[in-house]
Amino acid sequence: MTLQVQGLSATSGRRQRILIAGAGPAGWAAAGELRRLGFSGEVLVVGGEPVAPYDRTACSKGLLDGSSKPSETWLDVSDCPGVDWRLGRLVVDLAPAAKMVVTDTGDCYPYDGLVIATGARVALPTGWPRGEPGMHMLRDMADVQALRRDLRDARRVVVVGGGITGCEVAAAIRDMAREVIIVDSGPCLMARALGKPVGELVTAEIVCAGIGIRLQRRVLRVDRKSGSWRVRLDDGTDLWADLVVAAVGERPETSWLTNSGLDISDGVLCEHSMKVPGVRDIVVAGAVARWPNPAYGVAPQRIGQWVSAIEQGQAAARALVLPQIRRPPVSILPRFSSEQLGLRIQVCGYISGGDEAWLTELRPRRRDKARAGLVANYFHQGRLTGVVAVNAPRAFAVATRSLLAVPRNGMAPMAPVNRSSVVSRSSWPVAVG
Ligand SMILES: Cc1cc2nc3c(=O)[nH]c(=O)nc-3n(C[C@H](O)[C@H](O)[C@H](O)COP(=O)(O)OP(=O)(O)OC[C@H]3O[C@@H](n4cnc5c(N)ncnc54)[C@H](O)[C@@H]3O)c2cc1C
């Protein structure tokens, strides 16, 4: 079945073209979904990296510690028959009225439908030296290769930022028998992603694994002295290192949209359906999308997660080619997992913003509580909003079932349903600071 792109004149005689800006998971998923839906027009993907779409999450895991080869991370493009991949080039401008994008090669591409999927870029804090040897950020395969090259001769590494990516990077570097210290301004590592109660217990494991940490410290200055990096903290101490890795968060990649007139105040604002408000033929997906998740009643926000990028990419494709009546509401449960230092961390739903947590230790007598297994249910105003588990995959599956059963237009079920569903040997409420 050939579908008609909404908003096109069937008699224009022009070949229908959907242009996808960005060849990450969101762009790849949108391309595949267009073909699965039977869209037979032209699908053109312009991607900034010179390589085919791959599993970016491996950059802080297998690709960094060497346990995965790049060829093992390629996404399957046989799902996207006849898609035209223009890689290693950037879109630099968008003119929505003319339905046209311009690339850095000077080419202009008219489109009938546009998917904005340019993701995010890592941000180096203001004033930090750029392009200097031994100063690293981690976003793509090229970054991993550069870091691995430098790690050969490095003994000591400072990782600035103790979120999920920073901790994964530190764990991979520790596994390579290098000394590593994480600096973070929070009360524990991964506080935002895991919540404080779980974050504190995981932090204890990370310390046990031999990774140094400096918590509630900010970096004042980073400079290079006699071939080493000096990282000055706000308590006046200096950390010396051969390499510095900045893992201090990401910014949505909207620099090419400055003149577009779209709302790009924090990513590209879109509606529930992934459509840009007031513009018929533009949809957004992935880490660049600021989207209101209808199932959870949350204000528009960005989700920097792999599964969400894929699900949003598919939903964006549906929004372009299916009539509204045939489109199910876009409802995504944010979720990710991370393996580090023998800890399997699984997260589902919304953790930050929660004001109460129920923590269940699977083996309460063990001192290594996170390694021994735990599950935390996070609540906001008495309703379950998120679940975090460490080394407890079965309990995680049970606890997330009620989150998955969320009603379409409301919040997750009330707390008591979930409290009783958790494997409970030792449960107590914990105030989330
Ligand atoms: C090191 C690392 C580890 C991660 N680990 C996990 C994890 O374990 N679990 C998890 O859920 N999430 C993880 N993430 C986050 C996850 O990878 C992202 O949320 C996801 O990749 C977002 O997909 P996306 O397609 O929206 O954007 P991206 O993956 O950022 O892809 C966007 C693509 O667009 C290209 N692009 C940018 N600007 C332009 C332009 N102007 N023109 C053309 N192309 C452009 C970029 O080069 C890029 O290839 C990790 C991220 C990183 C960096």
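For ligands, and for the atoms within them, numbers begin at 1 and follow the listed sequence. Predicted, not measured: the structure shown is a model, and the values here were computed from it.
Summarising the local packing, CZ of Arg155 is surrounded by 12 or fewer heavy atoms from other residues, nucleotides or ligands at distances under 6.0 Å.
Listed by first then second residue, pairs satisfying salt bridge (charged side-chain N to carboxylate O under 4.0 Å, His left out) with a partner in residues 251-272 read Arg121-Glu253, Asp263-Arg290, Asp266-Arg302, not counting sequence neighbours.
Residues forming a side-chain contact (heavy atoms from CB on, under 4.5 Å) with Glu72 (at least two apart in sequence, or on another chain): Ser68, Lys69. Here Asp143 pairs with nothing under the side chain to side chain donor-acceptor pair (under 3.5 Å) rule; sequence neighbours left out.
Separating the CD atom in Glu311 from the CZ atom in Arg335 is a distance of 4.5 Å, to the nearest 0.5 Å.
Under the salt bridge (charged side-chain N to carboxylate O under 4.0 Å, His left out) rule, Asp281 has a single partner from Lys99, Arg17, Lys275, which is Lys99.
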Table of N or O contacts for ligand 1, cutoff 3.5 Å:
residue, atom, partner, partner atom, Å
ligand 1, 5 (N), Lys61, NZ, 3.1
ligand 1, 8 (O), Lys61, NZ, 2.6
ligand 1, 11 (O), Trp306, N, 2.8
ligand 1, 12 (N), Trp306, N, 3.4
ligand 1, 19 (O), Gly304, O, 3.3
ligand 1, 19 (O), Gln305, N, 3.1
ligand 1, 25 (O), Pro25, N, 3.3
ligand 1, 25 (O), Ala26, N, 2.9
ligand 1, 26 (O), Ala287, N, 2.8
ligand 1, 29 (O), Arg56, NE, 2.7
ligand 1, 29 (O), Arg56, NH2, 3.2
ligand 1, 30 (O), Ala120, N, 3.4
ligand 1, 30 (O), Arg139, NH2, 2.6
ligand 1, 31 (O), Arg56, NH2, 3.2
ligand 1, 41 (N), Val91, O, 2.9
ligand 1, 42 (N), Val91, N, 2.9
ligand 1, 44 (N), Gly48, N, 3.0
ligand 1, 49 (O), Glu49, OE2, 2.6
ligand 1, 49 (O), Arg56, NH2, 3.3

